[in-house]
Amino acid sequence: MHPAREWTREEVLAATSKPLPKSLTTMTLALAAIGFVIWVAGLFIAPDRAWRAFHFNWLFFTVLSSAGVMFVAVQRITTARWSREVIRFMEGYVAFLPVAFVFLLVILFAGKGHIFPWTHEAYPNHEKATYYNGSFLIARDIITFGILTVMSLWYIYSCVRLDVGGSPESGASWAAGIRERMRTGFGEERREIHSTHSMQGKLAVFLALVFGYGWSVLAWDLSMGLSLHFTSTLYGWWFFMGGWLCGLTTLSLLTMAWRNYLGAEELIVEKHFHDLGKLCFAFTAFWGYLTFGQYLVIWYGNMGEETHFMRLRLIHPWKWMTVTSVVFAFLIPFFGLLSRAAKVFRPTFALFALCSLLGLWLTRYVEVYPSTFGENVTSLPFGLWEVGAFVFYLGVWGFCYTRFMDAFPRMRVTLMTSPYRDEVQIPVNPETMEPLPAHE
Amino acid sequence: MASAAAPRPTGPGERPNVPSANNRFPAVRDYEQVDREVIETLQPSFGWFAALATAIFCLLIGISTWIYQIHEGLGAAGYQPPVMWGVYIITFVFWVGIGHAGTLISAILYLFRAGFRTSIYRVSEAMTVFAVMTAGLFPIIHIGRPWKFFWLIPYPNWRLLWPQFKSPLVWDVFAILTYFTISSTFLYVGLIPDLAVLRDKETNPIRKRIFAMLSLGWRNSDREWRHFMRAYLFMAALATPLVLSVHSVVSFDFAMALTPGWHATIFPPYFVAGAIFSGIGMVFTIVIPLRRFFRLQHYITLNDLDAAAKLCLFTSMVVGLAYLTEFQIAWMSGNKVEQDYFWNRVFGQWAWAAWIMLICNMVLPISLFSQRLRRNTTWLFILSIFINIGMWFERFVIVVPSLSHEFEPWQWGSYRPTWVDYGILLGSFGWFFMWFLLFIKQLPVVAIAEIKEILAPRMRSQHGGGSH
């Protein structure tokens, strides 16, 4: 489960602190700039598509990032040890969330007329008129996503603080102030491990509650509500579990990239890839289960008020996009990642992870576009504007991520090397730091 | 796996109940102690005989009631249109649900390497098998003419009579039979090394012979362990999807219909979460008295119960999210029938049942946020009884109000279970606990081999090796 030998803190820091090349930052900024230019051009040439592309890419990148933070919190809830070497690669996702918050404001205030049907369609009933009332929706989404963002930042701050506090000063200069703040009041290591663990235990559970309830509401408002005539009780769960799977596949790819870049073959071992592969496989199966479960109930029920949503996605021009998304998100990675060999051989794992990400990205497209365009299009609206928006988001996400990863230790050095690291694996009294009795 | 070392002396200042990450059972010193203490639980006692007699008595009540019902007809059980599904289907879903936590604990938590499963998985897995055996009786009882049951099974088509494969009720037959096959095989495979221990320790020649056959000639060799671990892993991987699929299929019995309150896409995962929640409730109901009567507190530790309680809290929150989602979507859908149904659920004829459900399943488990209560076995036991009641009423709330308040007012009716329903419900508990009580006196309730696996590093450190 752990690397073969015991590492000292200095060794881990030395092995993982190679600064990222400037060219990578330039590249992320260039991608963002190219995407932005395409998007701005789109606003003049095809504003509906530009805004809708902006929206579905927001859904893809934001749920992925939020679910990533949730997965980090789940490591605390389950007191996982296997992920200490790789989980910081996921903690970096949090850096995108404040930006996503700004983008959400842009969507809700500037783009709503091109995205949301409630701005221009008649409400089918007075309940929908109440629920999808513009001001009510905007207010609750800002509050919900705001709370999610703040709690996510708080959680990751507490994780990073434990490592910054226990390590010599290093990292990108822009974050020197944050690191300084993290060190203020950082006490004796054993005490800090216990108090952080105790605080995170509560925070992680509340984050889980906000994640589940919050993304259910956001899924109804920002994705399901794009069709004012459709409701499905499973939609929220299906929606955020897609993001959860994206978070895991992205982590797998980033772990491969970091391992190569840092040359950390001794720290990140085959077992990590096997575990990540198993998680990707398990949640691919789970996503397939939810997708099929939702579809089967609607198909069997055969009620017009539900089937119109599926029918629209299974007729021209959306049909092949829908089929492709399911093939890439479920069929290929499910069968591909069945064997152990495919999980630990990194080229195959990377291929199936990329397939999964592509499929889930297309799923977000299939959530948004058919509902907003309906049957009034003769050919599939997919091309420059959609890819441009993706490039923009990829650049912005990559920029946020690389800034974060250059500012803080790349691994959980304290929990990897502290002599007290395993004291919190069992229930402990955080005040006395003594284990609670095992039995009466 | 013979005894490897002498008991480790307790060090200065070391209390026998202080655990650490690498020593989860501080009061368990060596392999001999494990063998001795676990095998001691197999000795019959007065309490056990009394419990078994009570279970058999309840079962006899159930059997007599069933015979009465067969003679009188299904009308004796309080069924009248429009409510033709009642206590039997509710209890069927209840018992299938109970089984799920067992497979979750034994298979899924095994794959996730969750340490706390070790001490409780054997009880849970046995509970699964007996719960499925109990659940399987109810469709047969509900048919009214139980001898027609074989019509559901796709036997050779010599009378041109095939089951209706498009009916979720037939899917249930496949789901339950598959589940029973896999979970009983999984239970048996996990038992093999323990059966060998029993064989070696047994003095009665007949029992020794039986254990010898059942343990398949297990000799504890390296090669056997390698094959065993591989087989066990495969069984766990096969059992895992069943945790999701079986209760999803059960949920389809409802979700596929267009009845108000039933046709909901969330039903499959919501049923699965509810099943795991109810199953963990039953695990507590069984394990907490068991560890006390068998004096197994130092195996089934408070830390294990604490972790299981967290899982219980998590599934309660998932179920709570599903309840609230159903209300929200029913309202925002604008569908009058759905809206009326959900209004009726909490303020109508069956409101008392819905409030029992909401309080037992959503409100009371909030107490598990407190670590002190998670480690209080009395509270866990009381809460588990509430969870069992709450989850039975959850199925009541799903089944009865939907059928009694369908689309048109002239279709509306009422339902009142009779003593026949209650007799058979009681009988089902008798049936379940009879098997369970018989099991715990024949086979070990904690997995001897897996407990020893956890002890192993300590043996090494005693001989000078480091395990940290």
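Just so it is clear: chains get the letters A, B, ... in the order the sequence lines come, proteins before strands, and each one is counted from 1.
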| message | I'd like to verify something: which residue of Ser248(B), Ser251(B), Gly320(B) has the highest number of heavy-atom pairs under 4.5 Å with chain A? | response | Ser248(B)
| said: I'd like to verify something: which residue of Asn303(B), Leu321(B), Leu258(B) has the highest number of heavy-atom pairs under 4.5 Å with chain A? | reply: Leu321(B)
Result block: side-chain N/O donor-acceptor pairs under 3.5 angstrom for residues 236-247 of chain B, not counting sequence neighbours:
{"from": "Thr240(B)", "atom 1": "OG1", "to": "Ala236(B)", "atom 2": "O", "distance (Å)": "2.8"}
{"from": "Ser245(B)", "atom 1": "OG", "to": "Pro241(B)", "atom 2": "O", "distance (Å)": "3.4"}

| said: Quick check for you: to the nearest 0.5 Å, what is the distance between Leu311(B) atom CG and Ile77(A) atom CD1? | reply: 11.5 Å
Relative to chain B, which segment of [X] carries a heavy atom at a distance below 4.5 Å: side chain, backbone, both, or neither?
| X | result |
| --- | --- |
| Leu296(A) | both |
| Ser232(A) | both |
| Phe230(A) | neither |
| Leu436(A) | both |
| Tyr295(A) | neither |
| Lys278(A) | side chain |

| Is there any residue in residues 323-337 of chain B with a non-hydrogen atom under 4.5 Å from a non-hydrogen atom of chain A, and which ones are they? | Leu324(B), Thr325(B), Glu326(B), Gln328(B), Ile329(B), Trp331(B), Met332(B), Ser333(B), Gly334(B), Asn335(B)
| task | Taking all non-hydrogen atoms of both residues into account, name the closest pair between Pro269(B) and Tyr289(A) and its distance. | result | N-OH, 3.3 Å
| message | If I compare all heavy atoms of Tyr300(A) with all of Pro168(B), which pair ends up nearest, and what's the gap? | response | OH-CD, 3.5 Å
| query | Which pairs count as salt bridge (charged side-chain N to carboxylate O under 4.0 Å, His left out) when at least one residue sits in residues 17-27 of chain B, sequence neighbours excluded? | reply | Arg24(B)-Asp304(B)
Heavy-atom distance under 4.5 Å between the side chains of [X] and [Y], does that happen here?
| X | Y | answer |
| --- | --- | --- |
| Glu338(B) | Thr231(A) | no |
| Pro427(A) | Arg374(B) | no |
| Phe369(B) | Val205(A) | yes |

| Do Thr301(B) side-chain atoms and His439(A) backbone N/O form a donor-acceptor pair below 3.5 Å? | no
| Residues in side chain to side chain donor-acceptor pair (under 3.5 Å) contact with Arg292(B), at least two apart in sequence or another chain | none
